[in-house]
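In what follows, chains carry the letters A, B, and so on, assigned in the order in which the sequence lines appear, proteins first and then strands, with residues in each chain numbered from 1. Note that these values count all heavy atoms, side chains included, but never hydrogens, waters or copies made by symmetry.
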Number of protein chains: 2
Amino acid sequence: MPADFSTAAIEAASAPAKGPVLPFPEPFASLMKDRIRHPLGVHFGITNFGVNLTFLPPGSISALRHFHSHQDEFVYILEGTPLLVTRAGEMPLRPGMCAGFKAGSDNAHQLRNRSDTMAVYLEIGDRTGGDVVTYPDDDIKIDKMPDGRLQVVRKDGSPCMVASSEL
Amino acid sequence: MPADFSTAAIEAASAPAKGPVLPFPEPFASLMKDRIRHPLGVHFGITNFGVNLTFLPPGSISALRHFHSHQDEFVYILEGTPLLVTRAGEMPLRPGMCAGFKAGSDNAHQLRNRSDTMAVYLEIGDRTGGDVVTYPDDDIKIDKMPDGRLQVVRKDGSPCMVASSEL
């Protein structure tokens with residue numbers, strides 16, 4: 001195959017998985033530790049938005065219930081029956097369903113797999129700068145440290161206890 | 001369901017389909033006339049990127065082979081076996097495969113369904129301004145008219161003959 005075939009397609013599940021972006025404290029870390037994300041867009045050099053193929057095992061959550069200030073988000077269910085959790089409650093999803101979360105809407109969302117089978121979905125989010133993520137249910141926020149890195153802290157800015165294995 | 005449930009999920013295929021964005025001349029119009037796009041992101045008020053659920057019947061193409069100057073593009077195959085056509089030739093796709101097209105890369109792309117079954121895929125593109133689409137194989141370009149609307153013209157700027165039924 002010619003070297004210039006930078007747009008050659010791939011089997012999405014073959015893309016390398018990535019670990020957690022940020023270390024969360026318990027009990028949240030355990031709810032997310034078995035979630036597996038395969039970043040897809042980055043494989044093709046895409047930078048304007050990200051696409052993950054995500055595997056959510058029984059008992060896992062996609063993230064803490066949250067909303068974004070500037071970045072839109074979208075999910076499309078490929079397999080399984082996760083729940084969409086928002087302010088309105090829990091909505092059962094199935095393959096072929098999708099949901100979108102407009103930046104700035106404070107109706108925070110989360111997927112939660114209460115079934116006994118794997119849920120698989122695509123999640124898409126853009127990379128608009130200045131984004132702030134808010135977690136209305138939990139005493140958690142994300143702060144930017146002086147060196148530019150992000151860290152998970154309590155809402156009053158105090159540090160979270162994070163197991164060293166998650167760092 | 002409460003009125004504030006703006007993030008309620010939907011069956012993607014139930015989202016209203018949209019017609020062609022721009023009228024193309026023959027022979028291109030016929031190759032695209034049976035393609036059905038269901039815009040999904042707009043249903044949720046998403047504006048930073050677009051997501052379409054697209055049905056590509058046998059004999060149809062996704063678009064003329066093209067590339068974008070500023071907008072990244074990504075496709076994920078849900079059903080069927082369309083071909084990915086790029087400078088490198090034709091690559092057969094199948095469900096679970098994906099491809100991405102970085103803005104500015106001149107390796108133009110297209111999906112073409114040469115099989116005898118429907119192909120179904122998600123296509124995602126961001127909305128970065130100033131985008132220009134280039135069609136290297138065909139005597140086609142898209143011009144902005146004085147009133148801001150876009151139209152398909154020949155590369156020398158002369159008009160295309162477009163059947164009135166497509167207007």
Looking only at B:Val120, B:Leu122, B:Val75, most heavy-atom pairs under 4.5 Å shared with chain A are made by B:Leu122
Rounded to the nearest 0.5 angstrom, the SG-CD1 distance for B:Cys160 and B:Ile140 is 4.0 Å
Classify the side-chain pair B:Asn107/B:Ser105 by whether it contains a donor and acceptor separated by less than 3.5 Å. no
Query - Parallel, tilted or perpendicular: rings of B:Tyr135 and B:Phe24 (30°, 60°) - result: perpendicular
Honestly, the part of B:Arg127 sitting under 4.5 Å from a heavy atom of chain A is neither
Turns out that what part of B:Leu53 lies under 4.5 Å from chain A's heavy atoms comes down to side chain
Salt bridge between A:Asp147 and A:Arg149, side-chain N to carboxylate O under 4.0 Å?
yes
Applying a strict 4.5 Å limit to non-hydrogen atoms, the region of B:Thr47 in contact with chain A is both
Can the ring centres of A:His68 and A:His66 be said to be less than 6.0 Å apart?
yes
Interface check, chain B: of A:Ile124, A:Ile77, A:Thr128, most non-hydrogen pairs under 4.5 Å belong to A:Ile124
Turns out that what part of B:Leu93 lies under 4.5 Å from chain A's heavy atoms comes down to side chain
Honestly, the part of A:Leu78 sitting under 4.5 Å from a heavy atom of chain B is side chain
- Item | Heavy-atom donor-acceptor pair, B:Asn48 side chain to A:His70 backbone, under 3.5 Å | yes
